[in-house]
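One structure is given here, and the rest of the page talks about it.
None of the values given here were measured: they were computed from a predicted structure.
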Amino acid sequence: MKKIEDINKSYFGPRVSDGAGVFVAGFVFLYIFQVVLLLIAYLTGVDINNLETLPIWFSWVMLFINQVALVLAVAAYSGIARKPLLRECRIERKLNYKQILILPVIAIFGILAFLPLAQGFVQLVTLITKETPSVGISIGTKWWEVLVSIIFVCVFPAIGEEILFRGCVARSLKRKNYLFAILVSGFMFSIFHGNAAQTVHQFFIGLVFAYVYFVTGSLLASIICHFSNNALAVLFDVILVNVDVQISNGALIAIYVVMSIVGFVGLYFLLRYIMKLSKQAKGIENTTDKMAWAKDLGKAFTAQGIKDNYNRLENSLKSLFDDPCDGINLNGDIQIENDNLQADSFATGNQDNQLDKLLTEANKQTIKKRKKFDLYSLIAAIGIALAVWIINLL
């Protein structure tokens, strides 16, 4: 006979509510550490009212402390929830050299595709608020300052933010499905920073980071892609800082349109290619023909085509990410009191059947409650971040 008291002790993997919880934990720890930064600024006489004039060393300290806060938030939530989120981030999953080489190229085409959209959003925000949003991070002007800035602007954020948003948030949200995890984690990633200048680019590039994480099954892939994105941004900033070229609005729009088209087309084929490489690495046969991309695009705007493409993507990501928790059908912990099992309800030989019925019904009720809790916790987490984003905007 089954031991009811042991049923609730099994680990079924992170839930959607865990993604929301660790996201809020990141917020809490980040703002606690911001208080530490304010104290450092006060003791050192740094004026933090103008981010553009911050000393370069303070920018480094700020970036480092922020990432420490995110990692500690994950560790703290993992300990409280008793779920090994940090251990299961899959940092140790290996990549082959082809996958490693293609990741920076994906970042390049991501910038080409998303930069025009990001600039358009910045112009819209400027029109509404009458102020131009700024990233507010200094990388210095001397060569050694730029090199050190690469570590603090590119390396640390790539590690800390990927652990939180892909290793924990996205992995938890995929409990619903992989596409949901990619889209929602990208949105949460974009509003978490509370900076309108970065919001649109971070949303789209966050989708790419989540995709490469799932398709390679390795957090190292999204870390490399994230690092490449940030490093390219620093490089562009260094190159363009002394460039003063007058371009008409019409020419600028034409350039942005060409950039976006080239970027999206290139990114589409690169993301297909890295999936092919990942299938080869896992020994999964690639059954699609060379012109499958044309067929996919041709059916992309039909109801059946959308359904087929979604199912194909979901099944591919499941086989590539290969999370043991994906194979667990149980959506909730079964909780049932021993007192509910009346001795006279079980005739000899029917105990297991009666118990199975009770467990099945208890599980249905638990699943409904858990799904509601998942939904409400996710809405609350996003609501908090969105409120902070709006406050920062205004």
Spacing of [atom1] belonging to [X] relative to [atom2] belonging to [Y], to within rounding of 0.5 Å:
| X | Y | atom1 | atom2 | value |
| --- | --- | --- | --- | --- |
| M188 | Q202 | CE | CD | 14.0 Å |
| I379 | L386 | CD1 | CG | 12.5 Å |
| L320 | I284 | CG | CD1 | 4.5 Å |
| I65 | I40 | CD1 | CD1 | 4.0 Å |
| H226 | L103 | NE2 | CG | 13.5 Å |
| Y213 | I223 | OH | CD1 | 10.0 Å |

- prompt: Any Lys/Arg nitrogen of D374 or K176 sitting under 4.0 Å from an Asp/Glu carboxylate oxygen of the other?
  reply: no
Does the [X] side chain pair with the main chain of [Y], one donor and one acceptor, at a distance under 3.5 Å?
| X | Y | answer |
| --- | --- | --- |
| S278 | V215 | yes |
| Q119 | P116 | no |
| S222 | L219 | yes |
| N392 | N195 | no |
| E314 | Y178 | yes |
| S260 | Y256 | no |
| N311 | K307 | yes |

query: Is the closest side-chain donor-acceptor distance between H193 and Q198 under 3.5 Å?
result: no
Hydrophobic clustering (ILVMFWY, side-chain heavy atoms < 4.5 Å, transitive) - are [Y] and [X] grouped together?
| X | Y | value |
| --- | --- | --- |
| M62 | L72 | yes |
| I253 | L124 | no |
| L267 | F203 | yes |
| L375 | L378 | no |
| M259 | V262 | yes |

For [X] versus [Y], what's the shortest heavy-atom pair and its separation?
| X | Y | value |
| --- | --- | --- |
| S78 | L86 | OG-N, 3.6 Å |
| Y211 | L271 | OH-O, 2.9 Å |
| V22 | G19 | CG1-O, 3.4 Å |
| V212 | A221 | O-CB, 4.0 Å |
| D18 | A81 | OD1-CB, 4.5 Å |
| F152 | W60 | CD2-O, 3.2 Å |

- prompt: More than 12 foreign heavy atoms under 6.0 Å from CZ of F180: is that the case here?
  reply: yes
Taking the side chain as every heavy atom from C-beta outward, state whether [X] and [Y] have any atom pair closer than 4.5 Å.
| X | Y | value |
| --- | --- | --- |
| V234 | S149 | no |
| Y376 | K372 | yes |
| I182 | K174 | no |
| F227 | I150 | yes |
| F209 | C225 | yes |
| R15 | K83 | yes |
| I384 | F23 | no |
| R370 | S17 | no |

Check: F114 ring centroid to F264 ring centroid under 6.0 Å: yes
query: V184 and V16: side-chain contact (heavy atoms from CB on, under 4.5 Å), yes or no, with the steps?
result: CA-CA 11 Å; V184 177; V16 171; over 6 Å; no
- request: Just do the side-chain contact (heavy atoms from CB on, under 4.5 Å) check on I111 and H201 with the steps written out, would you?
  value: CA-CA 8 Å; I111 290 177; H201 180 75; 4.1 Å; yes
task: Any chance you could lay out the side-chain contact (heavy atoms from CB on, under 4.5 Å) test for I163 and Q67, step after step, and finish with the verdict?
output: CA-CA 10 Å; I163 288 175; Q67 302 314 311; over 6 Å; no
- prompt: Is NZ or CZ of R171 both nearer than 6.0 Å to the six-membered ring centre of F321 and within 45° of the ring axis?
  reply: no
- request: Report the C-alpha distance between L277 and Q280 in whole Å, list the side-chain angles of each, state the deciding distance to 0.1 Å, and finish with yes or no for side-chain contact (heavy atoms from CB on, under 4.5 Å).
  value: CA-CA 5 Å; L277 292 177; Q280 291 175 351; 3.9 Å; yes
- request: Check each of Y31, W389, F187, F27 against F192 using the ring pair (Phe, Tyr, Trp, His ring centres under 6.0 Å) test, and report the only one that passes.
  value: F27
